[in-house]
A.B. asks: 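Before we start, here is the structure in question, set down as structure tokens.
Given the structure is predicted, the values throughout are model-derived calculations rather than measurements. Here, residue 1 is the first one in the sequence, and each next residue gets the next number.
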Amino acid sequence: MKRMVIISLLAMFTVMQVQAQQIKLEYENKIDSLPELMQQYFEMQKVQHSRLTIKGEFNGKRAKIKKVICDKGTFIERELLADYIHFIFVDSIETLDFMAIPYGKDSLRISCFYPSSYNHVIFNDTVRIDDMKILLETFTSGDSPDIPIIAYSSGIPFEGGTWFCGLRDSGIEPRKWYEKYGIDGYVFYTIRLEEDISNNNMPIYIKIAKEGAYATHQQ
């Protein structure tokens, strides 16, 4: 008998207030607004989507994105943007699109797009596909300046199934999912906002932003 999976429909907008940096995150599944035939095609292809809207007073802050992997309670972290890429939030409302699609026999390609800049690909990442995992909102930030923005994870395990909505609503930050619920092998992505400081020793400088985006050689 197949394991039962309990998933509730994602509300049109879900909000997480991050007090430390006073930003607000809202999630939306744009697939729900597509024509019915396209929705059926995405379902057949097992395509997942989540649009993240970030609101705050950014004033030209640089956004750094990190991948965090939980492996039996040990966390492995990796920066996803090179030092010469300066991803700048110039507006008070910024948007990221996350798409996940099967890639090869046992992998999932997760891509992050910046639609405000002509659908610029911010990063592509590949993880091991798992039918018990989905793209999952991360409602609770914790005390770290690295704010979790999206995860690829299973839900809270229970006899015969897994409970995604319970994990969403638990108030537990992703870094504590293993400790609290025994969830393992999940991935989540974080964003850190900091002042933009240029490194004049870098031979290449790439700015990604709604306004003033460009690439240049500094030598």
A.B. asks: I'd like to know if the side chain of Thr162 reaches the main chain of Gly155, judged simply by a donor and an acceptor atom lying under 3.5 Å from each other, with no hydrogens or angles considered.
C.D. replies: yes
A.B. asks: Step by step, work out the salt bridge (charged side-chain N to carboxylate O under 4.0 Å, His left out) result for Asp143 and Arg175.
C.D. replies: CA-CA 11 Å; Asp143 298 326; Arg175 197 171 285 274; over 6 Å; no
A.B. asks: Atom CD of residue position Glu79 - does it have more than 12 heavy atoms of other residues, nucleotides or ligands inside 6.0 Å?
C.D. replies: yes
A.B. asks: Would the distance check show the side chain of Tyr186 and the main-chain N or O of Pro174 forming a donor-acceptor pair, the cut-off being under 3.5 Å?
C.D. replies: yes
A.B. asks: Counting only heavy atoms not in Phe42, do more than 12 sit closer than 6.0 Å to its CZ atom?
C.D. replies: yes
A.B. asks: Do the charged groups of Arg78 and Asp125 touch, with an N to O distance under 4.0 Å?
C.D. replies: yes
A.B. asks: Determine whether Ile85 and Val90 fall in the same hydrophobic cluster, where Ile, Leu, Val, Met, Phe, Trp and Tyr are linked whenever their side-chain heavy atoms lie under 4.5 Å apart.
C.D. replies: no
A.B. asks: Relative to each other, are the rings of Phe98 and Phe123 parallel, tilted or perpendicular (30° and 60° limits)?
C.D. replies: tilted
A.B. asks: On a heavy-atom basis, which atom in Leu135 and which in Gln48 lie closest, and how many Å separate them?
C.D. replies: N-OE1, 2.7 Å
A.B. asks: Does Glu137 reach the main-chain N or O of Tyr27 with its side chain, forming a donor-acceptor pair under 3.5 Å?
C.D. replies: no
A.B. asks: Look at the side chain of Gln39 and the backbone N and O of Leu34, then say whether any donor-acceptor pair between them is shorter than 3.5 Å.
C.D. replies: yes
A.B. asks: Does OH in Tyr41 sit with more than 12 non-hydrogen atoms of other residues, nucleotides or ligands closer than 6.0 Å?
C.D. replies: no
A.B. asks: Could you tell me whether the side chain of Ser117 and the main chain of Tyr114 form a donor-acceptor pair under 3.5 Å?
C.D. replies: no
A.B. asks: Would you mind telling me which of Arg62, Lys61, His86 makes a side-chain hydrogen bond (donor to acceptor under 3.5 Å, both in side chains) with Asp196?
C.D. replies: His86
A.B. asks: Looking at Asp146 and Lys66, does any basic side-chain N land under 4.0 Å from a carboxylate oxygen?
C.D. replies: yes
A.B. asks: Kindly indicate, with the supporting measurements, whether the criterion salt bridge (charged side-chain N to carboxylate O under 4.0 Å, His left out) is fulfilled by Asp97 and Lys30.
C.D. replies: CA-CA 9 Å; Asp97 274 340; Lys30 298 295 288 187; over 6 Å; no
